[in-house]
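Structure first, commentary second.
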Amino acid sequence: MDSQICALDERVARLEKANRAMKVIVAVTVLAMAAMTSTPQLLANTMKKMVSLDAGTIVAQQIDLVNAKGQVAAVLGTSSNGAGLVFIDKTGKWLLALGTSQSGGTESAGLALYDGNSILPGNGVIRAAVGINSQGAGLTASNGSGNPALVSGVSADGTSSGSYAVDSNGYSRAGFGNAANGSGFFAGDSNNVTRYVAGVAPDGTAAGTVTYDATGKPQLELGGLGDGSSNGMLALDATGQDRFDAGYSSTEGGGAVVKDSSGNVIWFAP
């Protein structure tokens, strides 16, 4: 029975490691996406300088599009490293900016949507952005302060993708993703501690979940093989000692073990 539990513990530990790796992959994808979505902001800063020019002027680097009342509705222009288009509401507030940019040999394209205008009240910050470059594609949705609240990304070759939600403190609270090492999900608390992870192996041969306490230590582990030949659980105390183990395998049958704080078996069945 102990050998069965040890094998189960190792399988769940591998799943836990895979899901932690999944979180890292999602984070890397998001970092790439963050670089992409900076493109519209850079273009926006350049375009703001252009808009400060005479609205009725048409020059080689800028075209102001006006409505029937002569109000600027959009500005099309170029900069030293790209080109962009900004749409403006009737009060002169930005609605969206889109464009392309090249920096350090890397070309990017992006779109940014703003608040603080006739569509969405706010402080004039970017509330949603989409971008692409050689690393992949990404999307962010931000709160009223302009900080990311939802982030999604996919690598250029499509082998990894993921999304996660961010709270007002900038902590990742929940996310999911898929990569070469499998698919997974995680959830964290307001103290930036991961409290739950779950994952499935890429070939479907195993799946597992781990629940953590407020300090980030595992407290409950569940896992099983895809063919149903083996499954089990481990309940751990605050020191990391497994205190209750239960499992089943098609070759050894089912059983349960209770241990004391030193790991000594004090009860088992059958």
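Only this structure's heavy atoms are used, side chains among them; waters, hydrogens and symmetry mates stay out.
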| said: If only side-chain N and O atoms count, and only distance matters, is there a donor-acceptor pair under 3.5 Å linking S152 with S163? | reply: yes
| query | Going by heavy atoms in the side chains, are V166 and R173 under 4.5 Å from each other? | reply | no
| field | Short side-chain donor-acceptor distance under 3.5 Å, D213 and T215 | value | yes
| said: Within the 3.5 Å criterion, strictly below it, is a donor on D237 or Q241 matched to an acceptor on the partner's side chain? | reply: no
| query | Roughly how far apart are L234 CG and D242 CG, rounded to 0.5 Å? | reply | 6.0 Å
In a table with atom names and distances, give each donor-acceptor pair under 3.5 Å that connects a side chain of residues 86-93 to protein atoms at least two apart or in another chain.
residue : atom : partner : partner atom : Å
D89     : OD1  : T91     : N            : 2.9
D89     : OD1  : T91     : OG1          : 2.8
D89     : OD1  : G92     : N            : 3.0
D89     : OD1  : K93     : N            : 2.8
D89     : OD2  : T91     : OG1          : 3.2
D89     : OD2  : S118    : N            : 2.9

| query | Heavy atoms, side chains only, cut-off 4.5 Å: are R243 and S261 in contact? | reply | yes
| message | Do S134 and T106 make a side-chain contact, defined as non-hydrogen atoms from C-beta onward lying under 4.5 Å apart? | response | yes
| query | To the nearest 0.5 Å, what is the distance between CD (E221) and CG (D245)? | reply | 9.5 Å
| task | Determine the minimum heavy-atom distance between S250 and Y248, stating which atoms define it. | result | CA-OH, 3.6 Å
Pair up each side-chain donor or acceptor in residues 263-270 with any protein partner under 3.5 Å, not counting sequence neighbours, and list the distances.
residue : atom : partner : partner atom : Å
N264    : ND2  : D260    : OD2          : 3.3

| query | Taking the side chain from N143 and the backbone from S145, do they hold a donor-acceptor pair closer than 3.5 Å? | reply | yes
| Side-chain heavy-atom pair N147, S142 within 4.5 angstrom cut-off | no
| task | Nearest 0.5 Å please: distance from the OG1 atom of T205 over to the CG atom of L225. | result | 7.5 Å
| query | Short question: side chain of D157, backbone of T159 - any donor-acceptor pair under 3.5 Å? | reply | yes
| request: Flag yes if L76 and L111 sit in one hydrophobic cluster, no otherwise; membership is Ile, Leu, Val, Met, Phe, Trp, Tyr, and two members link when side-chain heavy atoms are under 4.5 Å apart. | output: yes
| message | Nearest 0.5 angstrom please: T100 OG1 to N133 CG, how far? | response | 12.5 Å
| Does the side chain of Y212 come within less than 4.5 Å of V197's, by heavy atoms? | yes
| said: I need the D167 CG to D189 CG distance, nearest 0.5 Å. | reply: 9.5 Å
| remark: In this structure, CD of Q135 is separated from OG of S108 (nearest 0.5 Å) by 8.5 Å
| request: Consider only side-chain heavy atoms of I, L, V, M, F, W and Y, link residues closer than 4.5 Å, and tell whether V125 and L95 are in one cluster. | output: no
| query | Is there a donor-acceptor contact under 3.5 Å from the side chain of D115 to the main chain of G124? | reply | yes
| query | Going by the angle between their ring planes, with limits at 30° and 60°, are Y114 and W94 parallel, tilted or perpendicular? | reply | perpendicular
| Transitive ILVMFWY side-chain link V193 to Y196, under 4.5 Å | no
| Do F186 and S172 come within less than 4.5 Å of each other through their side chains, counting heavy atoms only? | yes
| said: Could you see if M233 belongs to whatever hydrophobic cluster contains V258? Use Ile, Leu, Val, Met, Phe, Trp, Tyr and a side-chain cutoff under 4.5 Å. | reply: yes
